[in-house]
S.K.: 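Take this structure first; my questions come after.
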Amino acid sequence: ATVIVNKEGKIHLVNSQTEKIFGYTRDELIGKGIEVLMPSRYKSAHHEHIKSFSVKPKVRAMGAAGKELFAQHKDGKEFPVEISLSPLETIDGFYTSAAIRDVTKQKLIEKEIKKSEEKYKDIVESISDMLCTHDLDGKIISVNAAATKMLGYDADTLLKMTIQDILAPNVSGLYPVSISALIKNGY
């Protein structure tokens, strides 16, 4: 969605995607303050943000790193967004273009991935057999509790080692050959 506001923060122009994700018609938005699209907790500080952006206008993402932003639909329902700001100098004056992206689906996917990762971690930790994963260079990238117990190293120490460091001397030399064969065969 694209929303263009003047230096006072009044909506000057919107596209059809703005109407779609916010539930307002174009006529309901033109001339209104941009705050109509925000949850109330953002509204009081937003005027100062508009002022500071007009003093130092530059293309940038809105919000602080790691902080989630939310917009508000006409029906009052909030949804997560990413917003990019771009200054526009025109013969009619200064405007700001806000590219607003509804990231609801992305956030749900991230939540499912995190849930899946936690489930995987729980399964790996419950295995009584030693489990170490490593990259193609042999650097250990994860270990389970059984591995730390069997090898006698804490996880931080193991994560600084290579798989060859923990293999018995009689098989350690075979490791590079075995990995090369796996890579050659597409595994």
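The residues of the chain are indexed from 1 along the displayed sequence.
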S.K.: Less than 4.5 Å apart, side chain to side chain, heavy atoms only: is that true for Phe79 and Ile21?
M.R.: yes

S.K.: Of the non-hydrogen atoms in Val81 and Ala71, which two are nearest, and what is the gap between them?
M.R.: CG1-CB, 3.7 Å

S.K.: Check whether more than 12 heavy atoms from other residues, nucleotides or ligands sit under 6.0 Å from atom NZ of Lys121, and answer yes or no.
M.R.: no

S.K.: Is there a donor-acceptor contact under 3.5 Å from the side chain of Asp75 to the main chain of Lys77?
M.R.: yes

S.K.: Do other residues, nucleotides or ligands put more than 12 heavy atoms under 6.0 Å from Tyr153 OH?
M.R.: no

S.K.: How long is the straight-line distance from CZ of Arg60 back to OG of Ser86, given to the nearest 0.5 Å?
M.R.: 10.5 Å

S.K.: So does Lys119 pair up with Glu112, basic N to acidic O under 4.0 Å?
M.R.: no

S.K.: To the nearest 0.5 Å, what is the distance between CD (Gln72) and CZ (Arg41)?
M.R.: 8.5 Å

S.K.: Could you please spell out the steps behind the side-chain contact (heavy atoms from CB on, under 4.5 Å) verdict for Glu19 and Tyr24?
M.R.: CA-CA 5 Å; Glu19 293 176 296; Tyr24 290 96; 6.0 Å; no

S.K.: May I have the step-by-step check of side-chain contact (heavy atoms from CB on, under 4.5 Å) for Ile4 and Leu88, ending in yes or no?
M.R.: CA-CA 9 Å; Ile4 297 177; Leu88 299 172; 4.1 Å; yes

S.K.: With no hydrogens and no angle check, just 3.5 Å: does a side-chain donor-acceptor pair link Thr90 and Asp92?
M.R.: no

S.K.: Using modelled atom types only, decide if a donor and an acceptor are shared between the side chain of Lys139 and the backbone of Leu159 within a distance under 3.5 Å.
M.R.: yes

S.K.: Taking Leu136 as the starting point, is it possible to reach Ile141 by hopping between hydrophobic residues whose side chains are less than 4.5 Å apart?
M.R.: no

S.K.: Would you call Val59 and Pro87 a side-chain contact if the rule is heavy atoms closer than 4.5 Å?
M.R.: yes

S.K.: Do you know which two heavy atoms are closest between Asp102 and Thr104, and how far apart they sit?
M.R.: OD1-OG1, 2.5 Å

S.K.: Is the closest side-chain donor-acceptor distance between Thr25 and Glu28 under 3.5 Å?
M.R.: yes

S.K.: Does the pair Arg101 and Glu82 meet the rule for a salt bridge (charged side-chain N to carboxylate O under 4.0 Å, His left out), with working shown?
M.R.: CA-CA 5 Å; Arg101 189 170 144 238; Glu82 289 177 350; 2.7 Å; yes

S.K.: Under 4.0 Å between a side-chain nitrogen and a carboxylate oxygen: does that hold for Glu110 and Lys107?
M.R.: yes

S.K.: Between Lys74 and Gly23, which heavy-atom pair has the shortest distance, and what is it?
M.R.: CD-O, 3.3 Å

S.K.: Drop me the distance from Lys10's NZ to Ile34's CD1, to the nearest 0.5 angstrom.
M.R.: 11.0 Å

S.K.: With a 6.0 Å cut-off on ring centres, are Tyr95 and His12 close enough?
M.R.: yes

S.K.: Carefully, step by step, assess Leu29 and Thr18 under the rule side-chain contact (heavy atoms from CB on, under 4.5 Å).
M.R.: CA-CA 10 Å; Leu29 291 173; Thr18 303; 3.9 Å; yes

S.K.: For residues Ile30 and Val36: do they belong to one hydrophobic cluster (side chain heavy atoms under 4.5 Å, members Ile, Leu, Val, Met, Phe, Trp, Tyr)?
M.R.: yes

S.K.: Can a donor-acceptor pair be found, under 3.5 Å and without considering hydrogens, that links the side chain of Arg26 to the backbone of Val14?
M.R.: yes

S.K.: Can you tell me how far apart CD1 (Ile166) and CE (Met150) are? Round to the nearest 0.5 Å.
M.R.: 11.5 Å

S.K.: Hey, does the side chain of Asn144 reach the backbone of Leu131 with a donor-acceptor pair shorter than 3.5 angstrom?
M.R.: yes

S.K.: Does the side-chain contact (heavy atoms from CB on, under 4.5 Å) test come out yes or no for Leu85 and Phe53, once each step is laid out?
M.R.: CA-CA 9 Å; Leu85 302 175; Phe53 184 78; 3.9 Å; yes

S.K.: Rounded to the nearest 0.5 Å, what's the gap from CG on Asp135 to CD1 on Ile140? Could you check?
M.R.: 10.0 Å

S.K.: If you group Ile, Leu, Val, Met, Phe, Trp and Tyr by side-chain heavy-atom gaps below 4.5 Å, do Leu13 and Met62 land in one group?
M.R.: no

S.K.: To the nearest 0.5 Å, how far apart are CG in Asp27 and NZ in Lys32?
M.R.: 9.5 Å

S.K.: If only atom types and distance count, is the side chain of Asn15 paired as donor or acceptor with the main-chain N or O of Thr2 below 3.5 Å?
M.R.: yes

S.K.: Considering non-hydrogen atoms only, spot the tightest contact between Ala1 and Gln17 and give its length.
M.R.: N-CG, 3.7 Å

S.K.: So, applying side chain to side chain contact (heavy atoms under 4.5 Å, CB included) with Asp154, which one of Leu151, Asp156, Leu158 is it?
M.R.: Asp156

S.K.: Is there a path of hydrophobic side-chain contacts, each under 4.5 Å between heavy atoms of I/L/V/M/F/W/Y residues, joining Val3 to Ile83?
M.R.: yes

S.K.: Quick check on the hydrophobic clustering: are Ile163 and Val143 connected, directly or via other members, by side-chain heavy-atom contacts under 4.5 Å?
M.R.: yes

S.K.: Going by the rule side chain to side chain contact (heavy atoms under 4.5 Å, CB included), which residues pair with Tyr42 if we only count those two or more places apart in sequence or in a different chain?
M.R.: Met38, Pro39, Phe70

